Amino acid sequence: MSEPTPLSQSGAAQQGVSQQTLSELAGAMSDTPAPIYQRVKQAIISQIRAGVWKPHQRVPSESELVNELGVSRMTINRALRELTSEGFLIRMQGVGTFVAEAKAYTPMLEVHNIADEIAQRGHRHDSKILVCEARLASADQALQLGIATGALLFYSQIVHYENSVPVQIEDRFVNPETAPDYLQQVLNKQTPYTYLMEIAPLTAGEHRVEAVSASDEQRELLQLNEHEPCLLIHRRTWSGSRVVTSARLIYPGSRYQLFGRFTSHG
């Protein structure tokens, strides 16, 4: 998310979240069992996504949030810090904290089987399963999959190779209700795409793409140079009204490019 327009250039930047809007924040907090700072974060995110808190608006001070929500300053501080690092808010030294503008992205991607993509290039696909397990959903994971915090989910981490060169780290969370045999199928070396399309055919999906710096672990898995950037695709897919899977697909920037084609409707 980009920085807000400087105060001197935008009237919207001079306006803060109204007292009425602030009062609605407590009502937006979920009753789902989760750490309080996480519930504060999700309440603010819901207000931003609903357009109640608009880009460039000044966010209430920590003191105002403490008084309105009845939680500790430490809780509010952590929630605001994490929202800032995740790009929902931006802090300007000596000026205040503002709602950030959403990053621009284009829905240009289709969902394909990486094994098929590699085969179409005449190359050999291999994969290595690093993790394949059932675990309990965190608040963020539950939100992505539309399940309850603490509910069971399936998680897999797979590295995909093209002619023995690593080209993708696939971190995938799966809703067991839509794909009950997921773990066994992955362990049997069936690609997640193949099984999921058979058991829960895709009816809708969403993508977000951003450039990121690789962690030490990701750099090692993808055999990257120290400062080589990566492309991160966040992907969620639905079958009917239910979310089937939420995935983070990480590609080496030097080995991957996005392609899209469009036609004019004007």
Side-chain angles (χ1 to χ4, degrees), residues 1 38 41-42 45 49 82-83 85-88 102-115 117-118 125 127-147 149 151-162 165-176 178-179 182-183 185-186 191-197 200 202 204-224 228-239 242-258:
M1 296 186 178
Q38 188 71 49
K41 280 180 60 181
Q42 293 305 326
I45 290 172
R49 287 178 171 167
E82 292 195 5
L83 288 169
S85 67
E86 293 168 12
F88 291 99
K103 287 182 179 177
Y105 65 91
T106 304
M108 60 185 292
L109 304 179
E110 298 175 353
V111 177
H112 296 293
N113 186 1
I114 188 171
E117 291 179 349
I118 291 173
H125 169 263
S127 63
K128 181 178 181 180
I129 301 170
L130 303 181
V131 183
C132 187
E133 64 184 18
R135 58 172 61 173
L136 301 181
S138 69
D140 282 340
Q141 293 158 5
L143 184 67
Q144 290 296 311
L145 290 177
I147 60 178
T149 301
L152 192 71
L153 58 73
F154 296 148
Y155 170 69
S156 63
Q157 184 181 61
I158 302 172
V159 181
H160 294 276
Y161 299 83
E162 183 169 351
V165 177
V167 292
Q168 184 197 88
I169 299 173
E170 174 187 343
D171 282 317
R172 186 178 297 275
F173 299 93
V174 177
N175 183 348
T178 61
Y182 177 78
L183 297 181
Q185 295 301 319
V186 170
T191 62
Y193 174 93
T194 303
Y195 169 65
L196 292 172
M197 288 298 286
L202 173 70
E206 69 178 20
H207 295 95
R208 286 191 296 115
V209 184
E210 58 182 317
V212 297
S213 298
S215 67
D216 290 342
E217 178 186 16
Q218 293 163 352
R219 189 178 299 113
E220 180 178 353
L221 291 174
L222 293 174
Q223 300 173 15
L224 301 177
E228 185 174 348
C230 292
L231 285 173
L232 170 59
I233 298 177
H234 302 267
R235 175 186 292 166
R236 280 201 301 170
T237 58
W238 283 259
S239 184
R242 294 194 295 184
V243 178
V244 177
T245 179
S246 171
R248 298 174 74 254
L249 310 175
I250 304 170
Y251 299 83
S254 62
R255 302 176 210 151
Y256 192 81
Q257 61 181 348
L258 303 181

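Computed from a prediction, not measured in an experiment: that's the story for all the values here. All values below were derived from every heavy atom in this structure, side-chain atoms included, with hydrogens, water molecules and symmetry-related copies excluded.
Note that CG of L130 is 8.0 Å distant from CD1 of I169, once rounded to the nearest 0.5 Å. Here the CG-OG1 distance, from L145 to T178, works out to 8.0 Å after rounding to the nearest 0.5 Å. Between E170 atom CD and Y193 atom OH the span is 12.5 Å, to the nearest 0.5 Å. We find the CG-CD distance between D171 and Q218 to be 7.5 Å, quoted to the nearest 0.5 Å. Interatomic distance, R172 CZ to L153 CG, rounded to the nearest 0.5 Å: 13.0 Å. Atom-to-atom distance recorded for I250:CD1 and Q168:CD is 9.0 Å, nearest 0.5 angstrom.
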> Can you list the steps and then say if R49 with F88 is a side-chain contact (heavy atoms from CB on, under 4.5 Å)?
Replying inline: CA-CA 10 Å; R49 287 178 171 167; F88 291 99; 4.0 Å; yes

> Which is it for V167 and I114 under the side-chain contact (heavy atoms from CB on, under 4.5 Å) test, yes or no, and what are the steps along the way?
Replying inline: CA-CA 10 Å; V167 292; I114 188 171; 4.3 Å; yes

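Side-chain atoms of R235 never come within 3.5 Å of backbone atoms of L249 as a donor-acceptor pair (strictly under, hydrogens ignored). Here the side chain of R208 pairs no donor or acceptor atom with the backbone of H234 at under 3.5 angstrom. In terms of modelled atom types and a separation under 3.5 Å, the side chain of T245 and the main chain of F173 share a donor-acceptor contact.
Taking all atoms of both residues into account, the shortest heavy-atom contact from P176 to V174 is CD-O, 3.2 Å. The nearest pair of heavy atoms linking Q38 to A139 is CG-CB, 3.5 Å. Counting all heavy atoms, side chain and backbone alike, I129 lies closest to C132 at CG2-CB, 3.9 Å. Nearest heavy atom pair, residue H160 against residue S127, reads ND1-CB, 3.9 Å.
Residues passing the side chain to side chain contact (heavy atoms under 4.5 Å, CB included) test with E220, sequence neighbours excluded: none. Every residue meeting the side chain to side chain contact (heavy atoms under 4.5 Å, CB included) condition with A204, not counting sequence neighbours, appears here in chain and number order: W238.
A donor atom on one side chain and an acceptor atom on the other are not found under 3.5 Å apart for Y155 and E133.
The shortest distance between side-chain heavy atoms of S156 and L183 does not fall below 4.5 Å. For the pair V186/Y195, no side-chain contact is recorded, criterion being any heavy-atom separation below 4.5 Å from C-beta on. In this structure the side chain of V243 never reaches within 4.5 angstrom of the side chain of N175, judged on heavy atoms. Residues T149 and Q141 form no side-chain contact, since every pair of their non-hydrogen atoms from C-beta on lies 4.5 Å or further apart. In this structure the side chain of C230 reaches within 4.5 angstrom of the side chain of L224, judged on heavy atoms.
Using cut-offs of 30° and 60° for the angle between ring planes, the Y182 and F154 rings count as parallel.
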